[in-house]
Q: 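My questions all concern the structure below.
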2 protein chains.
Amino acid sequence: MKAQQLLLTSIHHFAAHGYEGASLQEIATEVGIKKPSIYAHYKGKDDLFLQATTYALQEQKRRFATYFTNTRQQPLEQSLHGFFDWFISEQQDDILMRFILRAAYFPPEKLEQEMTDRFNPFFDSLHDLLTRLLRERDRTEQILYSTNYKSAALAYLTVAEGTLTELVYNGVDAFHARQQAVWPIVWRGMSKTI
Amino acid sequence: MKAQQLLLTSIHHFAAHGYEGASLQEIATEVGIKKPSIYAHYKGKDDLFLQATTYALQEQKRRFATYFTNTRQQPLEQSLHGFFDWFISEQQDDILMRFILRAAYFPPEKLEQEMTDRFNPFFDSLHDLLTRLLRERDRTEQILYSTNYKSAALAYLTVAEGTLTELVYNGVDAFHARQQAVWPIVWRGMSKTI
DNA sequence: TGTTACCTAACGACCGTTAGGAAGGTGATT
DNA sequence: AATCACCTTCCTAACGGTCGTTAGGTAACA
């Protein structure tokens, strides 16, 4: 179905050129239809962008949740640290992350409210997921320095966002350099091990 | 001089709408001239954007260096931690930072090389500045856990970038929440104090 | 018969850019 | 001292292009 192709291609183009820079002409051509045919599936550029955002957030949330579920039996540090490596290995998906970061940080002005309404629940649910993970895991491992799990989760998310942004922008090498610099410090800061 | 006005107004518009979304028409109107008059000062939109980037990086580097010079006699933690507060108070005009982040993360495709050529030295010089700061200060305070100052500086820069990005995007309140979550962990991770 | 998914053609608006000229100041030449 | 050429800075007018969008039609299919 062309509707789904349009959505995926749009994410690609919006990620690369931004809302203003992406061209419906080019998106249509890549999908193999003419520009006005887009309007058979979406009300317009705004609608396409909003639906792309909704899809991207839902998909990314699903992937993150899957990772942390699948590593449930690993030690906490391995699960948290391995997340970065897992993210790299899903190389193809950094288009999704790039789209999300761009739409989050620099949304088109007129859609700012709609973006906020979508991103806040997304981020909150990630925050909750991580908080629960830290709390449950610490109950058995007793490894975290502080029991303020919510705060620790937020710190982890901040560092993750910073390094993943680096990955999206500067590539794998710069990312590895940062990760190797920042992770020992962060883990030493949040765990009991000294 | 209109040339300088054009530069500053451009930074404002590029920060708000991106390269593709910014309009020479609107920039000219805000400065009080007609659109084609821009060409008396700059060769075109590209030239304007590149000169704006050069100016913004030079200016931001100057401000950062000034802060760390002025806090030279403070304890290291105070100087590093206070940087965030200083950024909020001194940079109520966070437009400069917003422009820099946007131009760094999502440059116009055709200017990607020129952007990289400008941003790498900028980031490297910040990295060097911080590395020297940590080394010199640790010589007297003996407070850092590791003597890999370059790595510690990179970790600090990563966290700073992540939280400052949060400030630019989500505002002061979300920024404070993150800063309070992440700083105790990072400082505990990089210092000897347990 | 009605709906879905595509098409061609074309709309008005805006884009960055160029041509060409007016006004004013500067500096050298007469 | 007066004239001249020249440069800078602005202007109006207009260029070719691309933008998102709409109108209206066609073919397939339920």
Side-chain angles (χ1 to χ4, degrees), chain A residues 1-56 99 102-103 106-115 118, chain B residues 1-56 99 102-103 106-115 118:
Chain A
M1 190 60 78
K2 298 279 184 186
Q4 182 74 358
Q5 279 186 58
L6 277 171
L7 208 68
L8 298 177
T9 307
S10 295
I11 288 177
H12 201 291
H13 279 248
F14 285 136
H17 311 107
Y19 176 85
E20 291 88 358
S23 153
L24 293 185
Q25 177 72 264
E26 290 181 18
I27 291 170
T29 301
E30 195 170 314
V31 169
I33 60 175
K34 301 297 176 182
K35 182 172 58 160
S37 303
I38 293 176
Y39 289 77
H41 304 279
Y42 300 94
K43 277 188 279 187
K45 197 180 189 182
D46 291 7
D47 186 33
L48 187 54
F49 188 78
L50 289 175
Q51 294 207 37
T53 303
T54 301
Y55 170 81
F99 170 79
R102 190 164 198 163
F106 307 111
E109 217 171 3
K110 58 179 170 176
L111 298 180
E112 209 169 338
Q113 189 57 53
E114 286 89 340
M115 289 295 107
R118 283 162 174 79
Chain B
M1 188 63 79
K2 297 279 182 185
Q4 181 74 357
Q5 278 185 59
L6 277 170
L7 208 70
L8 298 177
T9 305
S10 294
I11 288 177
H12 201 291
H13 280 248
F14 285 136
H17 311 107
Y19 177 84
E20 291 89 357
S23 154
L24 293 185
Q25 177 71 263
E26 290 182 18
I27 292 171
T29 301
E30 195 171 312
V31 168
I33 60 175
K34 302 297 176 182
K35 183 172 55 161
S37 303
I38 293 176
Y39 289 76
H41 304 280
Y42 299 95
K43 276 187 278 186
K45 198 181 187 181
D46 291 7
D47 185 34
L48 187 54
F49 187 79
L50 289 175
Q51 293 208 36
T53 302
T54 301
Y55 170 81
F99 170 79
R102 189 163 199 163
F106 306 112
E109 218 171 0
K110 58 178 169 176
L111 300 179
E112 209 169 339
Q113 189 56 54
E114 286 89 339
M115 290 293 106
R118 284 162 174 78

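Chain A is the first sequence line, chain B the second, and so forth, proteins listed ahead of strands; every chain is numbered from 1.
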Q: Please tell me if A:His41 has a side-chain N or O lying less than 4.0 Å from either OP1 or OP2 of C:dC6.
A: yes
Q: Once you apply a heavy-atom cut-off of 4.0 Å, does B:Ala22 come out as touching a base, just sugar-phosphate, or nothing?
A: sugar-phosphate
Q: Please state how far atom CD in A:Gln25 lies from atom P in C:dC7, giving the value in whole angstrom units.
A: 11 Å
Q: Rounded to whole Å, how long is the line connecting atom NZ of A:Lys2 with atom C1' of C:dA5?
A: 10 Å
Q: At a cut-off of 3.5 Å, list every protein nitrogen or oxygen paired with a nitrogen or oxygen from nucleotides 21-27 of chain D, distance to 0.1 Å.
A:
unit_1 : atom_1 : unit_2  : atom_2 : d
D:dT21 : OP2    : A:Tyr39 : OH     : 2.5
D:dT21 : OP2    : A:Lys45 : N      : 2.8
D:dT21 : O5'    : A:Tyr39 : OH     : 3.0

Q: Could you tell me whether A:Ala28 contacts a base, only the sugar-phosphate backbone, or nothing, with contacts defined as non-hydrogen atoms closer than 4.0 Å?
A: nothing
Q: Verify the contact: side-chain N or O of A:Ser37 to OP1 or OP2 of C:dC7, cut-off strictly under 4.0 Å; return yes or no.
A: yes
Q: Taking the side chain of A:Ser23 as heavy atoms from C-beta outward, which of D:dC10, C:dC6, D:dG20 is closest to it?
A: D:dG20
Q: A:Tyr42 has an atom OH; how far is it from atom P of C:dA5, in whole Å?
A: 11 Å
Q: Measure from CD1 on B:Ile33 to P on D:dT12 and round the result to the nearest Å.
A: 12 Å
Q: Considering residues at least two apart in sequence or located in another chain, which fulfil the side-chain contact (heavy atoms from CB on, under 4.5 Å) criterion with B:Ala56?
A: B:Ile11, B:Leu96, B:Phe99, B:Ile100
Q: Quick check: do B:Thr54 and B:Gln51 have side-chain heavy atoms less than 4.5 Å from each other?
A: no
Q: Taking DNA chain D as the partner, which of residues 7-18 of chain A come within under 4.0 angstrom of it by heavy atom?
A: none
Q: Does A:Tyr55 reach the side chain of A:Gln4, with side-chain heavy atoms less than 4.5 Å apart?
A: yes
Q: Rounded to the nearest 0.5 Å, how far apart are CZ of B:Arg118 and CD of B:Gln113?
A: 10.5 Å
Q: Can you tell me how far C1' of D:dG20 sits from CZ of A:Phe49, to the nearest Å?
A: 16 Å
Q: In whole angstrom, give the distance that lies between atom CD of A:Gln5 and atom C1' of C:dA5.
A: 13 Å
Q: For residues 27-41 of chain A, tabulate all N or O donor-acceptor pairs below 3.5 Å that involve a side-chain atom, not counting sequence neighbours.
A:
unit_1  : atom_1 : unit_2  : atom_2 : d
A:Thr29 : OG1    : A:Gln25 : O      : 2.9
A:Glu30 : OE1    : A:His13 : NE2    : 2.8
A:Ser37 : OG     : A:Lys34 : O      : 3.4

Q: Quick one: list whatever passes salt bridge (Lys or Arg N to Asp or Glu O under 4.0 Å) with A:Asp47, sequence neighbours left out.
A: none
Q: In whole angstrom, what separates B:Lys34's NZ from C:dA22's C1'?
A: 16 Å
Q: Got B:Met115 and B:Glu112 here, is their nearest side-chain heavy-atom distance under 4.5 Å?
A: no
Q: Can you name the ring pair (Phe, Tyr, Trp, His ring centres under 6.0 Å) partners of A:Tyr19, sequence neighbours left out?
A: A:Phe49
Q: State, yes or no, whether a side-chain contact exists between B:Lys45 and B:Phe14 at a heavy-atom distance under 4.5 Å.
A: yes
